[in-house]
Amino acid sequence: MENLPKNYDPNKVENKWYDYWMENDFFKAKVDYDKEPFSIVMPPPNVTGQLHMGHALDNTLQDIITRWKRMKGHSALWLPGTDHASIATEVKVVDKLRNEGIDKDEIGREGFLEKAWEWKDEYGGRITNQLKKMGSSCDWSRERFTLDEGCSEAVTEVFIQLYEKGLIYQGDYIVNWCPSCHTTLSDVEVEHEEHEGKLYYMKYPIKDSDDFITVATTRPETMLGDTAIAVDPSDDRYKDLVGKTVILPLMDREIPIVADRFVDSEFGTGMVKVTPAHDPNDFEIGERNDLDLIKVIDEDAKMTEVTGKYAGMDRYECREKVIEDLKEEGLFIKTEEHIHSVGQCYRCDTVIEPLVSKQWFVKMEPLAKPAIEAVKNGDIKFIPERFSKVYLNWMENIKDWCISRQLWWGHRIPVWYCEDCGEVIVSRTEPDQCPECKSSSLKQEEDVLDTWFSSALWPFSTLGWPNDTDDLNYFYPTDVLVTGRDIIFFWVARMIFMGLEFMDEPPFSDVYVHGLIRDAQGRKMSKSLGNGIDPIEVIEEFGADALRFTLITGNTPGNDMRFREERLEASRNFANKIWNAARFILMNVDDFDYNSTNFKDLKLNLADKWMLSRTNEVTKKIDKTLENYNFGEMSKSLYDFIWNEYCDWYIEILKERFYQDQDLKAKETAQYMGLKILGDILKLLHPVMPMITEEIWHKLPISEKSLMISDWPEYEENEVDKDSESKMNTIMSVIKSVRNIRNEMKVDPGRKIEAILLSDKTEILESGESYLKNLANIDNLRITKTLKNRPQPSSTSIVEGVEVILPLEGMVDIDKELKRLNNELEDVKYEIKRAKGKLSNDGFVNNAPEELVEGEKQKVKEYEAKKEKLQERIEQMKLN
RNA sequence: GUGGGUAUAGCUCAGUUGGUCAGAGUGCUACGUUGACAUCGUAGAGGCCAGUGGUUCGAAUCCACUUACCCACACCA
């Protein structure tokens, strides 16, 4: 057999296996009622986006779960797809067109959409190809796009059904307007950021009086649209003013003073200027007090005609001018520094302008109710649990959802208006005539839907809804949703209420929320900081397996993680370690026929039994950690087991049977076991590191079948062999102890030494005699229950009831040895004191579990014995 | 303002329901080329588990408060 190269090179391996899996349709999930279904829908990345570390983590986690379930015999579906990302994509396409000198409005809706689809076709495959590089085992035959035919059908259907139920309505309300994207935004699409701003104080003259009232504002330009002054109804200072009229400066408009509960008498002057057309709170005050609505700022954030001399000015330019003019009229009082948060567009950061306009809304209260209940009653579980609080808090205070967007790239609202009688027609297909007046002069609603409207349907629209499909019956509801905490509101919450409304079942039972991947300094990775790490570059340097392993190691649910190169190196080294373990095994099984060897004929020794037992236990551990989404613990268990147990101990122990003269049966057993355990390790590791494990698997003479569709190891309780584990532990402790002394006494590592093991456990030690000799480099080993003449000088240590005596003539430094023994003695004394303290405590003895008390008693016994021996040795040392 | 998170070896982080839990990686020290691996091996040093108080027989783990940093949501005239 050809030897493997010394170092593992992922670049030579990874792509090969992805192609192999694809060619064999291994990712394709079948509707198979003999199997238990398992399904995950992938959070659809923006179709023209690029893979970032967040995606990498998200998809690694999903792939791990999917691969694991698949190997465990489920019909596992991981359904991939992309999101049309209405606003984000439109912004990019508009930018591109602008660079080409094309204006969006010039080419019109049709022309623009053509360009947008071109853009989608150009970049649409990029992120999915990047996901493939990650090794993601998604069923690409079921790949979906939120703007494809099926998803669009689902969107229309949902819109119409909600409309018919009275849950979608149209109305004039104040909405968040982005003057740059030229569209409305939902509340969650507005990001609030603290800004150092100014608070301007100004005077409004009271009509028929020489008095003034004082108001303060952060946006003086809005005063042009003021239609009232409001005060706290319980504020005694201004009781007499309510009902009076003030003259709005600059505009010379008479506006009333009203009392409204919104006003906080403690803040500012206790008087608020009310601009119903440009502030959400003022809008509500206006509703309550029946105030006029005067729009002074337009969709471009410029002043409207009604502002007279200010018309056409930019809002900020107008602000300066207003202040200037007020000063001139002696109505300006002062400016104060003021920190306040400013709403900005989540896509372009432009400051939001609240505007009143006619929009479409989803009535949230009836939808939120069951969505709250589903989480409260445990039908949907958040991991970690604390996010259910975040979710509930939002759901319980939810406002109606503005779903119309003044964009073109998206699902056009299925509504037509009759141009003759004004009838609103909501229809699945384009109507020919108005049902009321039979006019054929119909015009479709220009607006499209919020991009999250279609993603909210993702768990069932992708499975075929509104059609009654096998996929839908079999795979819905999905099992777990894996996502970052930033889209709980945008997406998770909306999927939940839509799923409940249209499928009568929550779309998933578990929501696993992972944290952010930050840079090495703990900062958020962002484009503007330029501190993002490109997963693809990482894959090219370290391999996708190493990246995947890095992303889950030490990661805990919901917590952020810093990403540093050293951790990638550690993962790469781990891959290399496994590679070399396989290399070693393969170098020694040339003459061995695995498949015609019967396990029952093997001659298992202590280490074999120990290894089998440990493998079995680790299998259980991996299952349990994955069951609970403890990916960090899972990777640590694998790492420790593979490196510290299989490689450091088991392989070292196999060597004696490979290299030293043995009977054939012993060698065959070693060959079989080395391969078998390696095979199991590859299986357990496969969900995390699919490529390297598949590569090695195909080099092993175990099976022709692909590793990814092989059977997951089964945990067998009766195969746990605690007795062998305990024996091995004793032997390993003795070996470590000998190595320790050798190191301290500076014995030449290559030198074979003599050792005496004095203990009652002779049987155990004898069963590990060869391990002791080989791994501690002992040539003359004596295992005995009694010892009459102690060799002098010698170095001693006591572990696990075994007195390890190394007669190191000419090498023992008496002072050093004394010091060592005394240190050991101190430790023992401390332990005895601790254990005895516990045992002398009645509370402990009476309340603690019996085995624990028993354990402490045992400990005291052991340590007392050890103490005695140590003291003996110290005395002897002193005599010499 | 409301809610939440984090504080554990020099650094980055684990520690599942309170009882061998004081851990890992990396870094550091000493030694090491016996045919898997120097992307390695062996051994070692390092922490009052943020502080205070409480519950308990027993607390890194539960409770309260304090301090420091972070996040979300709300308000901001």
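These values consider heavy atoms only, across backbone and side chains, with no hydrogens, waters or symmetry-generated copies. Please read these numbers as outputs of a predicted model, since none were measured by experiment.
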P gap between rG53(B) and rC40(B), integer Å: 46 Å
Check against side-chain hydrogen bond (donor to acceptor under 3.5 Å, both in side chains), E189(A) and Y346(A): CA-CA 6 Å; E189(A) 287 169 312; Y346(A) 80 135; 3.0 Å; yes
Between N559(A) and rA14(B), does any side-chain N or O lie under 4.0 Å from OP1 or OP2? yes
Pairs under 3.5 angstrom only: tabulate donor-acceptor contacts from the side chains of residues 540-547 of chain A to other protein residues two or more places apart or in another chain.
| from | atom 1 | to | atom 2 | distance (Å) |
| --- | --- | --- | --- | --- |
| D545(A) | OD1 | M691(A) | N | 3.2 |
| D545(A) | OD2 | M691(A) | N | 3.4 |
| D545(A) | OD2 | I692(A) | N | 2.7 |

Output a table of nitrogen or oxygen pairs between the protein and nucleotides 43-47 of chain B separated by less than 3.5 Å.
| from | atom 1 | to | atom 2 | distance (Å) |
| --- | --- | --- | --- | --- |
| rA43(B) | O4' | N743(A) | ND2 | 3.0 |
| rG44(B) | OP1 | N740(A) | ND2 | 3.0 |

N628(A) (side chain) donor-acceptor with N630(A) (main chain) under 3.5 angstrom: no
So what does T556(A) hit on the nucleic acid, given a heavy-atom distance under 4.0 Å: a base, only sugar-phosphate, or nothing? sugar-phosphate
For F489(A), which contact category applies under a 4.0 Å heavy-atom criterion: base, sugar-phosphate, or nothing? sugar-phosphate
For nucleotides 63-65 of chain B, list the nitrogen or oxygen atoms of the protein found under 3.5 Å from its nitrogen or oxygen atoms, one pair per line.
none

Provide the distance between the two P atoms, one in rG10(B) and one in rA50(B), to the nearest whole Å. 14 Å
Pick one for rG35(B): is it syn, with its angle within 90° of 0, or anti? syn
Can you name the ring pair (Phe, Tyr, Trp, His ring centres under 6.0 Å) partners of F283(A), sequence neighbours left out? none
List, with names and distances, any nitrogen or oxygen atoms from the protein found under 3.5 Å away from nitrogen or oxygen atoms belonging to nucleotides 21-28 of chain B.
none

Classify V274(A) by what it touches in the nucleic acid, base, sugar-phosphate, or nothing, heavy-atom distance under 4.0 Å. nothing
Roughly how far apart, to the nearest Å, are rU55(B) and rU42(B) at atom P? 47 Å
Please report the distance separating the C1' of rU61(B) from the corresponding atom of rA43(B), rounded so that it comes out in whole Å. 32 Å
Decide whether a cation-pi geometry holds between R739(A) and W649(A); the criteria are a distance under 6.0 Å from NZ or CZ to the six-membered ring centre and an angle within 45° of the ring axis. yes
Atom CD of Q858(A) and atom C1' of rU20(B) are separated, to the nearest Å, by 14 Å
Y200(A): partners by ring pair (Phe, Tyr, Trp, His ring centres under 6.0 Å), with sequence neighbours left out: none
Nearest nucleotide by nearest heavy atom, which residue falls closer to the 5' end of RNA chain B, Y8(A) or T218(A)? Y8(A)
Sort and list the pairs that fulfil side chain to side chain donor-acceptor pair (under 3.5 Å) and have at least one residue in residues 569-580 of chain A, not counting sequence neighbours. T550(A)-S571(A)
Parallel, tilted or perpendicular: which fits the ring planes of Y391(A) and F382(A), with parallel below 30° and perpendicular above 60°? tilted
Between R494(A) (side chain only) and F490(A) (backbone N and O only), is there a donor and an acceptor less than 3.5 Å apart? yes
So which protein nitrogen or oxygen atoms get under 3.5 Å of nucleotides 55-62 of chain B's nitrogens or oxygens?
| from | atom 1 | to | atom 2 | distance (Å) |
| --- | --- | --- | --- | --- |
| rC57(B) | O2' | N841(A) | ND2 | 2.4 |

Flag the pair K273(A) / T222(A) as yes when at least one side-chain heavy-atom distance between them is below 4.5 Å, and no otherwise. yes
Each nucleotide N or O in nucleotides 32-36 of chain B that has a protein N or O under 3.5 Å away: list the pair and distance.
| from | atom 1 | to | atom 2 | distance (Å) |
| --- | --- | --- | --- | --- |
| rA36(B) | OP1 | K655(A) | NZ | 3.0 |
| rA36(B) | OP2 | Y659(A) | OH | 2.1 |
| rA36(B) | O3' | R583(A) | NH1 | 2.9 |
| rA36(B) | O2' | N580(A) | OD1 | 2.5 |
| rA36(B) | O2' | R583(A) | NH1 | 2.6 |
| rA36(B) | N7 | K655(A) | NZ | 3.3 |
| rA36(B) | N6 | C647(A) | O | 3.4 |
| rA36(B) | N6 | E652(A) | OE2 | 3.0 |
| rA36(B) | N3 | N580(A) | O | 3.1 |
| rA36(B) | N3 | A581(A) | N | 3.4 |

Going through the checks in order, is the salt bridge (charged side-chain N to carboxylate O under 4.0 Å, His left out) test met by K376(A) and E396(A)? CA-CA 12 Å; K376(A) 277 193 172 163; E396(A) 281 162 358; 3.2 Å; yes
Once you apply a heavy-atom cut-off of 4.0 Å, does F262(A) come out as touching a base, just sugar-phosphate, or nothing? sugar-phosphate
Check step by step if salt bridge (charged side-chain N to carboxylate O under 4.0 Å, His left out) holds for E862(A) and K859(A). CA-CA 5 Å; E862(A) 279 169 23; K859(A) 215 192 267 181; over 6 Å; no
Using only heavy-atom distances, determine whether the side chains of R237(A) and S265(A) contain a donor-acceptor pair under 3.5 Å. no
N-O pairing of E627(A) and K624(A) below 4.0 Å: no
Requiring both pairing distances under 3.5 angstrom, list the stems that contain RNA chain B and are made of three or more consecutive Watson-Crick or G-U pairs. B:1-7 with B:67-73, B:10-13 with B:23-26, B:28-32 with B:40-44, B:50-54 with B:62-66
Examine distances only and state if a side-chain atom of N777(A) and a backbone atom of P749(A) form a donor-acceptor pair shorter than 3.5 Å. yes
Could you tell me whether rG25(B) is syn or anti, where syn means a glycosidic angle within 90 degrees of zero? anti
Test E617(A) against K620(A) for salt bridge (charged side-chain N to carboxylate O under 4.0 Å, His left out), laying out the working first. CA-CA 5 Å; E617(A) 283 173 330; K620(A) 183 185 179 186; over 6 Å; no
Distance between C1' atoms of rG19(B) and rU56(B) (Å, rounded): 12 Å
Residues passing the side chain to side chain contact (heavy atoms under 4.5 Å, CB included) test with S526(A), sequence neighbours excluded, are S528(A), L529(A), N531(A)
Assess the side chains of T625(A) and E633(A): does a donor N or O sit below 3.5 Å from an acceptor N or O? no
Are any side-chain N or O atoms of T553(A) and backbone N or O atoms of F549(A), one a donor and one an acceptor, separated by less than 3.5 Å? yes
Between rG41(B) and rU26(B), how far apart are the two P atoms, rounded to whole Å? 9 Å
What integer number of Å spans the P atoms of rG35(B) and rA45(B)? 30 Å
Got a sec? Which of residues 390-401 of chain A come in under 4.0 Å of RNA chain B, heavy atoms? none
Distance-only, no hydrogens or angles: does the R742(A) side chain make a donor-acceptor pair with backbone N or O of A776(A) under 3.5 Å? yes
Could you tell me how the ring of F574(A) sits relative to the ring of W643(A): parallel (under 30°), tilted (30 to 60°) or perpendicular (over 60°)? parallel
With a 3.5 Å distance limit and no angle check, can you tell me whether R219(A) reaches the backbone of H278(A) through a side-chain donor-acceptor pair? yes
Could you work out which one of rG15(B), rG3(B), rA74(B) sits closest to the side chain of E633(A)? rG15(B)
Looking for any heavy atom pair under 4.0 Å, which part of the strands does T275(A) touch: base, sugar-phosphate only, or nothing? nothing
Can you tell me how far P in rG27(B) sits from the matching atom in rC63(B), rounded to whole Å? 37 Å
When rounded to whole Å, the CG to C1' distance for the pair N628(A) and rA14(B) reads 16 Å
